[in-house]
K.L.:
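Before I ask anything, here is the structure I am working with.
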Amino acid sequence: MKTIRFNQLGYRPGDVKKATLPEKAEAFRILRTGDNSAAYEGTAAPAIHDAPSGETVRVADFSALTEEGTFVLHAADAQSYPVYINANPYNGLRKALLDFFHYQKCGVDLACGLWSHPACHTSLATVYGTEMKKDVSGGWHDAGDYGRYVVPAAKAVADLLLAHEFAPNKDADLLDAVWFELEWMLKMQDEATGGVYHKVSCHHFDALDEMPHDELNELVLCPITSTATATFAASMAMAARFYPDKKGQLLAAAQKAWDWLTANPDAPMFKNPEGVFTGGYGDRSDKDERFWAACELFAATGNETFHEYIKEGEIHTGLGWNQVGTYGIIAYLYHAKDKDNAELTDLMKDALHTVCRQIMNPYKNDPYGVSLGDAYNWGSNMTVGNNAMTLLLARPFFPQKAADFTQAALDHLHYLLGRNPVSYSYITGFGANPALYPHHRPSVAKGQAVPGMVVGGPNKFTQQDPALKEHCTGFPPSKCYVDHKDSYSGNEITIYWNSPVYFMAAVLDI
Ligand code: G3I
Ligand code: 9MR
Ligand code: ZN
């Protein structure tokens, strides 16, 4: 079954439908499950070598099959998991991707079925290297661990808010869900200086089978950084347009953070201070974070100071937690329209166009319909989501390519849901062969995965986690994945891996 790779949730009748088959499968047949009668017969495309998986494969296009029902695809000596064609194959997916953020809530009594628990991490945090205590309760646990880190939080918030902005049909509970995180982020700002603490966590990661309320070690607030302060400023300025009642508070917080950035032009990049061993989220440069902040603040206020800052610097790209420039471009192109500068607008469009080309080129030749090339790094599934998100956001600026961009984004969803070289659905609880053992403490503690979580995906640097090293050393890049609870570089989950995939679901309106 695993050699026939396709979207295990299914396809809508009018969708392009493609499966990736082994080399020997020149022809294929699709049979109805009820009576085994043939619904479709086809010839697969010529075999091609797929470098990331090291395999030679063929693509089978069965888009012409528009009949609703449940089928099995037969090719050579293999047969597929069930193939579903119906009007609503993604039912429940979008909701689960958003509900996940509820499961990650910190600091409150949490009712969420099997994984319910009393309020966690409620003690005051110690400001690193001092005796000072601060209340920074609330927010979402970042990932499979219980740290709360500002930089990736800003990405998750931005993705969810942009999803809300661009979704043809909006989720009524989204703004409340995101406010929970924004409220925590506001607490992470130092009132005196406007700088934002990089993160709050214990000194160490605790046992993998520990529920949140059982992690009772001291909470430590790590030093203020420019990356935390800039991504904070950006996401607060963005949030100001979604929460009209809180606009004043959000813009004031963003402005104060900007003032800190202005006063600290050469702040050092974050490194875990002595004695702290939790997630680092360090960076090589804060220029893209400052760029994003300036773009959002300009879009929100029209204040030329921010415009000047943007004009004097470079244009940046990226939707990752450590490269965030595309968020800035999007803010400028969509929201600075009445006060923009034609030359800068063109430069931003050019930069966006280049990024889209860098996504579409590898995608076009990929037998799995994904754009990673060989970028199967830690969190590769985030890149899948980010690339789809970039294309969806770019559509209005390149109308002649908009349809291709939409199709590419949908293909990226198919990849995540099973059309990939390991035949896993990378979203827990969805598909015939989903990840069952994510590196997620509440899931490990209860022996059952929380549904709707996007796992990290293949990581070709197998030496980055011991379980991956044990199970996948020597594997080709796109096959370096093991569904094992210990594999934190491939099978962990995070708020900012779910958020771009939620964006895809919401904006594709599936
Ligand atoms: O992109 C570069 C690539 O250009 C380069 O060739 C390659 C060679 O090392 O590295 C690639 O970067 C990788 C980067 O992720 C990609 O975003 C790094 O190797 C890799 O170490 C880095 O991993 C990060 C990881 O923390 C370790 O720092 C992940 O992005 C990040 O998502 C992850 O975050 C952790 C938190 O620290 C703790 N909480 C869980 C969370 C998820 O696992
Ligand atoms: O659980 C931790 C995970 O969230 C991180 O991404 C990962 C890398 O920083 O570390 C995990 O914690 C492991 C630690 O690094 C080493 N000892 C085993 C821990 C997992 O139980
Ligand atoms: Zn907690």
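Just follow the structure's listing: the first ligand is 1, and inside any ligand the first atom is 1. Only a predicted model underlies this, so the values are computations on that prediction, with no experimental measurement involved.
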K.L.:
Is atom 14 (C) of ligand 1 less than 4.0 angstrom from some protein heavy atom?
P.N.:
no
K.L.:
Count the heavy atoms of every other residue, nucleotide or ligand shown that sit under 6.0 Å from OH of Y437, and state whether that count exceeds 12.
P.N.:
no
K.L.:
Is the shortest N/O to N/O distance between D206 and ligand 2 below 3.5 Å?
P.N.:
no
K.L.:
With heavy atoms under 4.0 Å as the rule, classify the contact between W497 and ligand 1 as side chain, backbone, both or neither.
P.N.:
side chain
K.L.:
Do protein heavy atoms approach atom 23 (O) of ligand 1 to less than 4.0 Å?
P.N.:
yes
K.L.:
Indicate yes or no: does R94 engage D171 in a salt bridge with an N to O separation below 4.0 Å.
P.N.:
yes
K.L.:
At what distance, to the nearest 0.5 angstrom, does SG of C106 lie from NE2 of H213?
P.N.:
12.5 Å
K.L.:
Just distances here: any N/O of Y488 and N/O of ligand 2 closer than 3.5 Å?
P.N.:
no
K.L.:
Is any side-chain heavy atom of F166 less than 4.5 Å from a side-chain heavy atom of Y334?
P.N.:
yes
K.L.:
Is the distance from the Zn ion (ligand 3) to the nearest N/O/S atom of C120 under 2.8 Å?
P.N.:
yes
K.L.:
Using a 3.5 Å cut-off on N or O atoms only, is Y149 in polar contact with ligand 1?
P.N.:
no
K.L.:
Verify the contact flag for atom 18 (C) of ligand 2, where contact means a protein heavy atom under 4.0 Å away.
P.N.:
no
K.L.:
Is the shortest distance from atom 6 (O) of ligand 2 to a protein heavy atom below 4.0 Å?
P.N.:
yes
K.L.:
May I ask you to check whether W321 and Y281 place their ring centers less than 6.0 Å from one another?
P.N.:
yes
K.L.:
Which atoms of ligand 1 have any heavy atom of D142 under 4.0 Å away?
P.N.:
39 (N), 40 (C), 41 (C)
